[in-house]
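Keep in mind that the numbers below use all heavy atoms, side chains included, and drop hydrogens, waters and symmetry copies.
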There are 4 protein chains.
Amino acid sequence: MKKTSRQLQKEQTKELLIKTAFKLFSERGFLSTRISDIAGAAGVSHGTVFVHFPSLDALMAEVIEVYVGKIAQRTHELADSGKTLREVLCAHLNGIQEYEPFYTALVTENRQLPPPARDAWVTLQSVISLHFSRAVQRETEAGKIIPIPTSLLFNMWLGLVHHYLANTDLFAPGGKVIERYGETLIDNYLKLLASKGAE
Amino acid sequence: MKKTSRQLQKEQTKELLIKTAFKLFSERGFLSTRISDIAGAAGVSHGTVFVHFPSLDALMAEVIEVYVGKIAQRTHELADSGKTLREVLCAHLNGIQEYEPFYTALVTENRQLPPPARDAWVTLQSVISLHFSRAVQRETEAGKIIPIPTSLLFNMWLGLVHHYLANTDLFAPGGKVIERYGETLIDNYLKLLASKGAE
Amino acid sequence: MKKTSRQLQKEQTKELLIKTAFKLFSERGFLSTRISDIAGAAGVSHGTVFVHFPSLDALMAEVIEVYVGKIAQRTHELADSGKTLREVLCAHLNGIQEYEPFYTALVTENRQLPPPARDAWVTLQSVISLHFSRAVQRETEAGKIIPIPTSLLFNMWLGLVHHYLANTDLFAPGGKVIERYGETLIDNYLKLLASKGAE
Amino acid sequence: MKKTSRQLQKEQTKELLIKTAFKLFSERGFLSTRISDIAGAAGVSHGTVFVHFPSLDALMAEVIEVYVGKIAQRTHELADSGKTLREVLCAHLNGIQEYEPFYTALVTENRQLPPPARDAWVTLQSVISLHFSRAVQRETEAGKIIPIPTSLLFNMWLGLVHHYLANTDLFAPGGKVIERYGETLIDNYLKLLASKGAE
DNA sequence: AATGAATGAGCTTTCATTCAT
DNA sequence: CATGAATGAAAGCTCATTCAT
């Protein structure tokens with residue numbers, strides 16, 4: 001039990017640091033969050049951060065891995081096989097929504113982040129891409145969608161969503177872009193895709 | 001005469017700094033370009049930069065203002081009134097193409113830039129938006145386009161283009177995304193927009 | 001009995017730490033060996049070191065005291081009274097040889113070490129000096145040695161040996177300077193000392 | 001002239017830093033002298049050091065190069081070709097004497113110093129070795145010296161001198177080991193070398 | 001106007017030491 | 001007795017900004 005108590009303490013602190021870092025990353029972005037900010041906000045000393053993470057990059061990598069994992073997991077669950085494209089897009093936005101500011105920071109800064117962080121980001125896009133592609137294929141075969149290369153369709157959707165997120169300050173100054181525009185984006189995007197013959 | 005000569009020199013130096021900064025910003029991005037890099041590349045001293053610009057932020061702002069102005073100007077000229085949507089999109093990409101690396105840096109980093117820089121960026125989008133909207137309106141009225149809110153169509157186009165630029169390393173590792181994908185993007189984007197009845 | 005068992009454990013742990021520290025000091029020197037290295041290599045926790053030693057300096061001091069003691073002991077045994085100078089020099093090198101890397105670290109770094117460590121080191125030299133002096137005195141009286149102040153002869157010998165040890169990388173890159181040069185050093189040193197009349 | 005004034009200022013500061021660093025290295029050794037110590041002692045700010053030297057290692061390297069150069073130069077001049085061994089040894093000690101504490105720090109810590117610093121040190125020994133060897137060769141040919149490998153003779157001399165310097169605190173607590181023991185060392189060393197046949 | 005030496009706040013990282021468990 | 005999480009004082013280094021020349 002003693003053991004458990006210590007381990008618990010350590011895990012709690014690490015978790016606290018990850019949560020705090022997540023919060024700060026969401027609020028201020030990755031690049032302008034300092035280790036001392038995280039330590040301060042978590043109420044621990046500067047050095048404690050280095051007890052749990054060998055470097056700032058490692059901390060970033062871990063935080064991103066954890067939350068990107070959650071988002072991916074969420075999307076996965078919602079966008080199960082056999083769903084329509086609309087359902088997949090919903091799942092995508094739903095997966096993002098809970099962590100919107102964090103995801104936005106990732107959209108905005110991922111190219112300046114250390115490699116492991118970038119990797120996690122790229123992986124996330126792949127997961128989404130997979131579900132998207134399957135749904136598109138099914139609907140294309142069913143003649144419901146204009147025949148356009150799937151990759152282009154995907155990039156168009158991703159570009160659209162990321163554009164709205166990246167310009168949160170313009171579209172929804174208080175945050176919550178997805179809540180405000182999500183349905184609109186899906187509706188109109190699907191409208192465009194709808195096969196002309198299907199009308 | 002002396003005065004004029006001095007002023008001339010001053011203007012020349014300032015212009016030189018702006019050009020040099022533009023080049024470096026294009027090559028390495030805004031955030032990783034140091035003042036000393038710019039001064040060094042321009043062949044002037046470190047301190048000279050501060051003679052012409054009160055701060056690094058001011059320099060950035062001015063460089064961006066100048067080149068964003070050029071891009072806007074270019075787009076303006078090409079996308080004159082009375083053009084089709086395709087011509088406007090072409091004009092847009094053409095305006096970008098000449099300054100692609102710079103524009104890409106702006107797409108990628110504009111949110112970490114000082115407010116004035118971001119403002120110039122937003123203004124540029126407005127200019128493009130204007131031409132885009134007009135063309136869309138004309139074609140909508142002519143029944144050639146699916147009735148979808150113009151702003152959404154615009155953001156979709158912008159998101160698409162920016163997505164490709166932002167992922168240059170993925171789509172066209174050597175740069176020149178527009179050259180490689182421009183036509184494809186326009187074609188497919190227009191295909192989607194084409195009114196079903198029009199077919 | 002419980003008490004005894006605890007004490008036993010404590011002693012064992014302390015001994016383990018001393019041995020481990022000795023090993024690491026021999027391999028990497030004193031200054032670049034971290035407490036965590038020692039704890040890790042000994043398979044105990046970081047904090048355990050401080051249970052047995054109030055500080056890193058104290059640990060160093062104790063390790064040095066123990067092993068310097070062993071070297072002194074060894075030299076003592078080998079260089080019993082009544083021996084010739086050659087035998088004393090042999091004894092000296094023999095005493096060192098077993099702990100050569102450790103002794104070399106001491107030669108190299110003793111001046112940056114905490115006072116108690118340095119003291120132990122100086123004491124060791126005294127012990128050696130004692131045997132050396134006696135032998136020199138005997139041989140001088142026997143007219144076998146050039147009349148030169150004993151202290152000088154001793155420092156010359158010590159300087160010579162230490163010089164070779166300190167430059168191990170130069171003289172015997174793989175270590176084992178004594179094995180390789182010991183005899184040569186003794187032979188030539190004695191050759192120099194040999195009384196001219198004695199020839 | 002303007003130019004000269006700025007250059008002069010820079011050179012002066014750099015020289016000041018080198019001199020200050022030299023002083024601190026002499027007093028406390030290389031390893032325990034911090035950049036902030038040097039800056040503080042020189043009366044300049046922390047950052048100024050980095051204006052003149054890219055890193056602490058570079059500073060060390062330059063200080064060592066400069067002063068080792070001076071010592072080498074000095075020895076060179078005094079130990080001109082054609083001198084007797086005694087004169088060469090005198091030259092050696094004379095070259096050292098002026099910078100004794102610095103040279104002592106070098107003797108003591110050179111193995112923990114960054115490579116460029118080590119190199120300068122090794123070079124210095126080579127210079128000394130050269131003069132030594134020549135003189136020994138001449139005197140050996142003249143039958144004045146016991147036939148013993150020159151390298152051994154050199155290492156013996158070097159070991160002797162360095163031993164005294166390294167143990168300054170024992171031999172001459174106030175410093176000035178050379179002044180106090182120089183002559184003694186030379187006299188007795190030569191006495192040992194004197195060919196028996198020459199008596 | 002141009003220079004560039006000097007500044008110092010700010011950052012990441014290391015590691016001996018403490019102490020609650 | 002042993003543990004190991006937490007601490008925080010240092011240290012090296014960067015770079016925008018200032019200002020005397």
Side-chain angles (χ1 to χ4, degrees), chain A residues 1-14 34-37 39 42-59, chain B residues 2-3 5-14 34-37 39 44-59, chain C residues 2-3 5-14 34-37 39 44-59, chain D residues 1-14 33-37 39 43-59:
Chain A
M1 286 311 121
K2 236 184 187 171
K3 237 182 176 175
T4 303
S5 146
R6 295 308 282 289
Q7 285 180 334
L8 203 67
Q9 189 187 349
K10 180 163 191 181
E11 272 169 34
Q12 278 176 344
T13 304
K14 186 165 183 178
R34 308 291 145 216
I35 281 201
S36 57
D37 296 336
V44 301
S45 91
H46 195 145
T48 299
V49 176
F50 289 93
V51 171
H52 298 274
F53 306 93
S55 69
L56 178 56
D57 282 10
L59 168 56
Chain B
K2 228 182 183 174
K3 226 181 176 180
S5 143
R6 270 214 164 185
Q7 286 179 334
L8 197 69
Q9 190 187 357
K10 184 165 184 181
E11 275 170 31
Q12 281 177 343
T13 303
K14 188 167 180 178
R34 311 278 152 232
I35 280 206
S36 56
D37 298 335
V44 302
S45 91
H46 197 151
T48 299
V49 175
F50 289 91
V51 171
H52 299 275
F53 307 93
S55 71
L56 179 55
D57 283 9
L59 167 58
Chain C
K2 229 181 185 178
K3 226 180 178 180
S5 143
R6 271 213 164 185
Q7 287 181 334
L8 198 66
Q9 190 187 356
K10 181 164 186 180
E11 275 171 28
Q12 281 176 343
T13 303
K14 186 166 183 177
R34 312 280 151 232
I35 279 203
S36 55
D37 297 336
V44 300
S45 91
H46 197 153
T48 300
V49 175
F50 289 91
V51 172
H52 298 276
F53 307 93
S55 70
L56 179 57
D57 283 9
L59 167 57
Chain D
M1 285 307 120
K2 236 181 187 172
K3 237 181 176 176
T4 304
S5 148
R6 296 307 284 288
Q7 287 182 333
L8 203 67
Q9 189 189 348
K10 179 163 191 182
E11 272 170 33
Q12 278 175 344
T13 304
K14 185 164 186 179
T33 299
R34 308 290 147 218
I35 280 200
S36 55
D37 297 336
V44 300
S45 91
H46 193 144
T48 299
V49 175
F50 290 94
V51 170
H52 298 275
F53 307 93
S55 70
L56 178 56
D57 282 10
L59 167 57

Measure CD/A:Gln12 against C1'/F:dA6 and give the value in whole Å, please.
14 Å

Could you state the atom-to-atom distance from CZ of C:Phe53 to P of F:dC1 in whole Å?
13 Å

Output the rounded distance in Å from NZ (D:Lys10) to P (E:dA6).
8 Å

For E:dA6, does OP1 or OP2 lie under 4.0 Å from any side-chain N or O of D:His52?
yes

Earlier contact from the 5' end, DNA chain E, for A:Ser55 and B:Gly47:
B:Gly47

Given that B:Leu56 and A:Ser45 both sit by DNA chain F, which one's nearest nucleotide is further toward the 5' end?
A:Ser45

Assuming nearest nucleotide by heavy-atom distance, tell me which of B:His46 and A:Asp37 is located more 5' along DNA chain E.
B:His46

Ignoring backbone atoms, establish whether A:Thr48 has a side-chain N or O less than 4.0 Å from OP1 or OP2 of F:dA5.
no

Once you round it to whole Å, what is the distance between C1' of E:dA6 and CD of D:Gln9?
8 Å

How many Å lie between CD1 on B:Ile35 and P on F:dT18, as a whole number?
10 Å

Rounded off to whole Å, could you give me the CG-to-P distance for the D:Leu59 and F:dC13 pair?
10 Å

Separation of E:dA2 P from B:Glu11 CD (nearest whole Å):
11 Å

Send over the distance from B:Asp57 CG to F:dA16 P, rounded to a whole Å.
10 Å

Phosphate OP1/OP2 of F:dA10: any D:Arg34 side-chain N/O under 4.0 Å:
no

Taking for each residue the nucleotide of DNA chain F with the nearest heavy atom, is it A:Val51 or B:Pro54 whose nucleotide lies nearer the 5' end?
A:Val51

Looking only at the side chain of D:Phe50 (C-beta and beyond, no hydrogens), which of the listed nucleotides F:dT18, F:dT7, F:dG12 gets closest?
F:dG12

Considering the options A:Leu59, A:Thr13, A:Val44, which one meets the side chain to side chain contact (heavy atoms under 4.5 Å, CB included) requirement together with A:His52?
A:Thr13

So, for C:His46 and C:Ser36, which heavy atoms are closest and what is the spacing to 0.1 Å?
CE1-CB, 4.4 Å

Looking only at side-chain N and O atoms, does A:Thr13 come under 4.0 Å of OP1 or OP2 in F:dA6?
yes

